[in-house]
Amino acid sequence: SYESGCRLKRIVDSLPPRSLYEDLPRRFCFQMTEGVPRFLETTLRRAKTIPRFYLLDLDEGLGA
């Protein structure tokens, strides 16, 4: 999400456009998921809230 992306990247000033996190992923067939990428599992273990991530499911996009 926009908020979690900025938080994970520690962006405070010069925030990126919200469309990078909301419109663009949907246009390229990314789906919102509850899963956490493996490389972030240890970092997020101590987080109070787990952010949601986008997942590119190529099988879903191809109609499989």
Side-chain angles (χ1 to χ4, degrees):
S1 72
Y2 179 75
E3 291 80 15
S4 62
C6 292
R7 204 171 337 131
L8 283 171
K9 296 172 187 164
R10 296 184 178 133
I11 300 173
V12 179
D13 299 324
S14 300
L15 297 174
R18 188 174 283 272
S19 62
L20 279 176
Y21 289 91
E22 294 178 0
D23 300 336
L24 198 61
R26 280 187 231 121
R27 287 185 187 160
F28 286 93
C29 301
F30 283 80
Q31 301 293 322
M32 191 66 82
T33 181
E34 297 291 331
V36 175
R38 267 188 261 152
F39 72 94
L40 289 175
E41 285 176 346
T42 56
T43 303
L44 295 174
R45 230 177 251 144
R46 54 183 185 254
K48 293 178 184 170
T49 59
I50 303 296
R52 295 184 65 194
F53 294 91
Y54 281 100
L55 173 70
L56 178 59
D57 187 354
L58 295 175
D59 292 332
E60 179 75 23
L62 297 173

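A quick note: this is a predicted structure, and the numbers were derived from the prediction, not measured.
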Distance (rounded to the nearest 0.5 Å) between T42 OG1 and F39 CZ: 10.5 Å
Applying salt bridge (Lys or Arg N to Asp or Glu O under 4.0 Å), name anything that partners R18, two or more places apart in sequence or on another chain. E3, E22
Could you tell me if the side chain of Q31 sits less than 4.5 Å from the side chain of Y54, heavy atoms only? no
Indicate, with yes or no, if L55 and F28 share a hydrophobic cluster defined by side-chain heavy-atom contacts under 4.5 Å among Ile, Leu, Val, Met, Phe, Trp and Tyr. no
Of all residues at least two apart in sequence or in a different chain, which pass the side-chain contact (heavy atoms from CB on, under 4.5 Å) check with L20? P16, P17, L24
Considering non-hydrogen atoms only, spot the tightest contact between V12 and L15 and give its length. O-CD2, 3.9 Å
